Structures are given as structure tokens and as C-alpha cells.
Number of protein chains: 2
Amino acid sequence: MDPVTIKDIARALNLSTSTVSRALRDSYEISPETKRLVMEYAEKINYRPNPIALSLKGNSSKALGVIVPQIANNFFSQAINGIEAIAYNRGYHVIIFQTHESYERELANMQQAVARRVDGLLLSLSSETSDLSHIKALHAQGMPLVLFDRVADELNVSQVVADNFTGAYAATAHLLSTGRRRIAHLTIPPYLSITQERLAGYRAALDAYGVPFDENLVRYGTFGPDEADQLVDELLAQSPRPDAFFTASDRLALGCLKALRERGIAIPEDISLIGFTNLQAAEMLNPPLSTVTQPAQEIGQLAAERLIELIERKHKAAPVSTVKLPTVLTVRGSSQRDPAGS
Amino acid sequence: MDPVTIKDIARALNLSTSTVSRALRDSYEISPETKRLVMEYAEKINYRPNPIALSLKGNSSKALGVIVPQIANNFFSQAINGIEAIAYNRGYHVIIFQTHESYERELANMQQAVARRVDGLLLSLSSETSDLSHIKALHAQGMPLVLFDRVADELNVSQVVADNFTGAYAATAHLLSTGRRRIAHLTIPPYLSITQERLAGYRAALDAYGVPFDENLVRYGTFGPDEADQLVDELLAQSPRPDAFFTASDRLALGCLKALRERGIAIPEDISLIGFTNLQAAEMLNPPLSTVTQPAQEIGQLAAERLIELIERKHKAAPVSTVKLPTVLTVRGSSQRDPAGS
DNA sequence: TTGTATGCGTTATCAA
DNA sequence: TTGATAACGCATACAA
């Protein structure tokens, strides 16, 4: 693992560094014999080109920046898993940044990533971010950029997301189809694209079933801990009381489940619950949690693939693409309330 | 955010690059006036030193390599969270690698990290790794190195771990104190330090209670999916049948819980269960899962702090330290079988 | 106090 | 077919 350089090879073989360099790159202008010599010796002493030098020379660092709100999160850790897998196969490295849901941190992280000369950036917006000028600026400068999960349509940047609308629609429609009519929606901060899409899916399903939308049934949480109790109480205080909950994050699903249980409310008999979550072991919960899940790893993979594609054809005009991956609705336990439900 | 270099500043201010370089580093040999000029202009055009050039120069890359088996894992994603937080505060970046439990990948990742000129490496061994010579070699070369979670005592390298022995002891002792005598141990691959420590804690607790160790009650799994069923069946086939399970990973705990449930075995009445896991929502499971948890984030933080300390006093002899953090035993549900249990 | 030259590892340009 | 040289951005030994 010693830092053996092209110079060492040149010296040992009594060649110039340029010859060695060309031989290693299998250049046509080098004699087969010399090539063989160089290749063999390089192999023997386990030569590895110095990526730092390559970065400095060329304009590619072979590094991908990944900026996410939180690593310690089922969705994002799975997505990063997908990203890392693709990146590794394509010879890229992954530099991780967390925004902790802070706009300031997002900005700082982007600057750091740029300073690091990453070849491209995978970005999932913080929930505080409403001003998108930093991203526009970076994109305008030609930095390859792919947004995933938490995106922004106004950005005209490639995106990879789950089909949040359809997922939310399916969840809500399922609740409606089992006779629920007062469906509360416990969701995450309103700026986020995923919040809006899920809300839209929820509303569309209500519409389709002719159930009027009641904004009092929608509550926005943050990603902080222990907030579910209060939100659930607010919702339970509505009249008539909700007969179903549709929650938008792991934490809210768990918090809601717990709050309902603690208040002696039977799930799904009294109140039915579906969570938009990537929680593990949803089926092992008490009661089992019905879920809409996102293909997190696949989202990460596709985003990374897209980004690398963007990077490697940087010269050509970069087409903007949006990929929407299907979510999966898994119903657990019987939530049938009114078999005759319209 | 344009790649503005020291040259641009020099040209604009009609100075040499070395003067600018020194002024920016606040060197004593530059006049206050010149410094002010340079600083202000640099600020104005938003100059950021190119870390790639700095790395090549040989000083430091301000990058930390993190090599873990799997990112999409509660323990590791929390640990990385801690690592990233500390690194960010200290001006370091985090480059992530996954070994996917493969020795080959571990080796390749280490070489990549070295090639990338990381200033130091945080490492958690793959379950396949038994030959440690690659790590010894790297350490011998002076690469700052901190192992966490999955370590190796023979390595004489700084380590940050949870107190696996005591955690396993506590879990087993709890089971024993509630009258259990046939405690099965469903664990992870045997090479791992954490496996051995947990096994030792398990055995020590048995000893303390005068219960003979029965190797038939110990089963080693991998980190693959869906293996718990078979292992549980093997254990249930023992005679007499186990009256408790102590499992060593998130997946095994969940798999075991599920397998027992499916076989109609009441927990904890028939068989008591404690998992060494960082699962979320253990209390919301059916039945609630008793756990021993590791302070994952803190382990990450301490490991990162230790590594940065090592890096920044590289010249002095690097002392080797081992930090052991306490685990937390949380008993959920009543597992009392025999109140008079010896 | 400031400038010039050199080198980190590599590739590209130009010469031989 | 091969070699010498410059350049990427920066820091530093040495000159001035």
C-alpha cells in the first residue's frame, strides 16, 4: 500500500514518466514490448494511480457529494446504500453531508461539496429550505445535480422520487374503501415536495369518493421527537372524531400508534391507521401497521446512475429527467369497518 | 462558487502567488496592509482553497474514511450520524465505504481510502475478516486508525466499542433471575469481536448462576435475511426445549420474535426473549421486545474525536486507547416465570 | 516584506 | 516510438 508512483516505474525501467503514463493507458503510440514491460512491472509493484493528482490535473474528482437531512433514518440510509453501491461500481466515491433539516447547513454543505470539487451532487432538501436560489445558482454554473425524494419542481433539475401522489392516493382510497370517512392526515413540514404530493394524493382520493376535504383534519409535524401525542390529541378533539389516520413519516406513524394505544383506542376497529413509512418490522408491531413504502434503495441507485450519466456526458446539453418510482401499499390486519361502505 | 484560485487574487492585486498564499495563511512575514488587501479581496470574490491541491501537496486532505459493513442498518447509520457531526465541526469530510460483509471489499475499500489520501480511517470489520494483516500494514505505515464496534484486540489500535460483555451478561442474568435456565443464544458470525464478547458475557452469567454452558444452545447466523426460522427450529428441537432466547442482532431479534409467534409460542410466558439490538420501536412490537442497546451515535462521535486527535498530533507517539461505552438493558413486559427462581 | 523556483503525481503538448 | 517540459493549485525554501 505504499504510495508508488509512475516515477518509480519510470526509474526502475529506465523510461520517462510520459512513456510510462502512456503505456499504462494503453496508448497506440507505445510499442507492444514497452507496454508489456510497464504493465507487468506496474502490476508487480501494485501501482495505483493517485486520484488526487488526477483530480488536480483533469477536472474530475471521481467523488459524488450526497447531502441529506439525516443519515440515521430508514429511508435515507437505504437510499445511501443504493447510491454507494452504484458509485462504487462506477469508480466514484461518496462524500456524505447532513443538513439536520437546516437551511444554513444545507447551504454550507453545498459550498463544502463544491470546494471539495465533487463531480456531482445528490441532494434531498431540508424541510427548512424554501429559497432555492443556492441550488439554481449551482445548477446554472453547470454542476451536475440530481435531486431525490425531497425535490422542487420549480428547479428544472433531474429528479428521482417515489410516486408520492399515487401512494397517498392508494392509502387514502384503501381507508375510504373500508368505510372510513373522517380520515386525519398527520404529516411533515409543508414546504416539502413530498408533503405536498402526499396531501394532493390524499385530497384526490377524498374527492374520488365524494368526501369533502376538511383542513382541520390535516396536521403538520416536524421531524422532532415526541410531538405526535399533541397532534393526535388535537385531531381526536375534532367532531366528529376521525375514524382513520394517515401519517407521513416513520416517527409520526410510531408516535400515532403509541398515542392511540395509550388512549385505549382500538386499531383498526375504532381508528384505522396507515403510515407512509420505511419502518422495519411494520408487520411485527402491535397492532401490525399498514404501510405505504418507498423503494428507497432503488431511488438511491437511480439517482446515482442518473448523476453519473450527467457527469460523464457533461459536454452535451444535459437533458432533465424526472423518474417516479411506484410505492407499495401493504395492508396489515383487517380494517374493514363497513362492508357496505360506498 | 466559481473555481477562483490564488492566482486570480495575485493577478488582480498585482502580487505574486506566494505573497497571496502567505497573506491568506496570516504569515508573520507579510505586511498588515497587504494582508488586509488580500483578505478582503479573497472574501469579496469568495475564494476557497482547493482541497485537492492541498491534498496533493501532501499536507492533509481533511477527509475521514469510514468503512462499515452496511449503511442501511440502525447501529451503523446512527454511528455515522455521530461521526459526521463531529467531523463537520472539526472541518473534516466523511467518505463512506461499505464492505457488505466482504473481506475483499474491505480490502479494496481500504486501498481506495488510502489512494484518496484520507487523513484517517474509521473502521468496523466485516464478518468475513479474519486475516488482519492489511490493517496491521496500514497501521504500521502510520495511518491514523480507529476501530469501532467490530474490533480486534490483537490489533493494538485505538478502539471505541460498547461494553458488549457487560451488556450480554446483564441480559442473560436478567433471564436467569426470572427463572430461565435453558437460554438459547442466537448470534452473529463467530469471527467478530462483538460476537465473542457477547458470548463471553452470556457464559459468565450462566457461570454466576451455576448453570452449565451448553454449546447446543448457541447458533451462529449471518447477516442474511430469513435465516432465523431455521435456527429457531433447530433450537426448539433441543431437549429440554429452551425457555429463553438471547439474540445478537436486529434481524435475528425480529426473525426470532416472528418465528416464535408463528409457532404459537407465547412470549415471554413460554419463552422469554431479549435482543441485543438498536431496533426502533422495540416497545411497540408485539409483544414488546426487551433489548440491550448500544449508544451508537456516541460511539461514532467518540471514534471520530479520537481519530481526529490522532491525526492532529500525528508527530507525537500515538497512544492507543480503548473506550468501552455502557449498553442499556431495557426490560419490556413481565418475564417473571418463577418468582422463587434461585 | 515580497518574489522566484520547485515539487506533489499525472497527463498533454511538443520535440526528437 | 519515446522523451522533455509545462501545467493543474498550492505551499515553501530560497533569493532578493
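Each chain gets a letter, A, B and so on, in the order the sequences are listed, and its residues count up from 1. This structure is a prediction, so every number in the text was calculated from the model and none was measured.
- For the pair A:Arg22 and D:dT1, the criterion of a side-chain N or O lying under 4.0 Å from OP1 or OP2 is not met.
- Ranking D:dT2, C:dG9, D:dA11 by closeness to the A:Leu15 side chain, first place goes to D:dT2.
- In terms of phosphate contacts, A:Ser21 brings no side-chain nitrogen or oxygen within less than 4.0 Å of OP1 or OP2 of C:dT10.
- Atom CG of B:Leu56 and atom C1' of D:dA11 are 11 Å apart (whole Å).
- Counting only N and O atoms by type, the side chains of A:Arg48 and A:Asn46 include a donor and acceptor under 3.5 Å apart.
- For A:Arg11 and C:dG9, the CZ to C1' distance is 12 Å, given to the nearest whole Å.
- Contact between the side-chain N/O atoms of A:Lys7 and the OP1/OP2 oxygens of C:dC8 is found at a separation under 4.0 Å.
- Not less than 6.0 angstrom separates the ring centroid of B:Tyr88 from the ring centroid of B:His93.
- At whole-Å resolution of the value, CG in A:Leu54 and P in C:dC8 are 16 Å apart.
- Distances from the side chain of B:Thr19 to the nucleotides C:dG9, C:dT2, C:dA12 place C:dT2 closest.
- Listed by residue number, the members of residues 27-38 of chain A with any heavy atom below 4.0 angstrom from DNA chain D are A:Glu29, A:Ile30, A:Ser31, A:Thr34.
- Within the helix from C:dT1-D:dA16 to C:dA16-D:dT1, the inter-axis angle between the opening and closing five-pair segments is 60°, rounded to 10°.
- The CD1 atom of B:Ile9 sits 12 Å away from the C1' atom of D:dG9 (whole-angstrom rounding).
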What pairs of donor and acceptor atoms, side-chain ones from residues 7-14 of chain B against any protein atom, are under 3.5 angstrom apart with sequence neighbours left out?
unit_1, atom_1, unit_2, atom_2, d
B:Asp8, OD1, B:Arg11, NH2, 2.8
B:Asp8, OD2, B:Thr5, N, 2.8

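- One interatomic measurement links the two molecules: CD1 of A:Ile52 to P of D:dC10, which rounds to 14 Å at whole-angstrom precision.
- A salt bridge (charged side-chain N to carboxylate O under 4.0 Å, His left out) with A:Arg90 is found for exactly one of A:Glu84, A:Glu309, A:Glu312, namely A:Glu312.
- Separating the CZ atom of A:Arg25 from the C1' atom of C:dA12 is a distance of 10 Å, rounded to the nearest angstrom.
- Under 4.0 Å is where a charged nitrogen must lie from a carboxylate oxygen, and between A:Arg36 and A:Glu40 at least one such pair does.
- One can place CG of A:Leu24 at 8 Å from P of C:dT11, the figure rounded to the nearest angstrom.
- As rounded to whole Å, 10 Å separates atom P of C:dT11 from atom CG of A:Asn50.
- Looking at A:Ser321 and A:Arg306, their side chains do bring a donor and an acceptor atom within 3.5 Å of each other.
- Side-chain atoms of A:Ser18 come within donor-acceptor range of the base of D:dA4, with a qualifying N/O pair under 3.5 Å.
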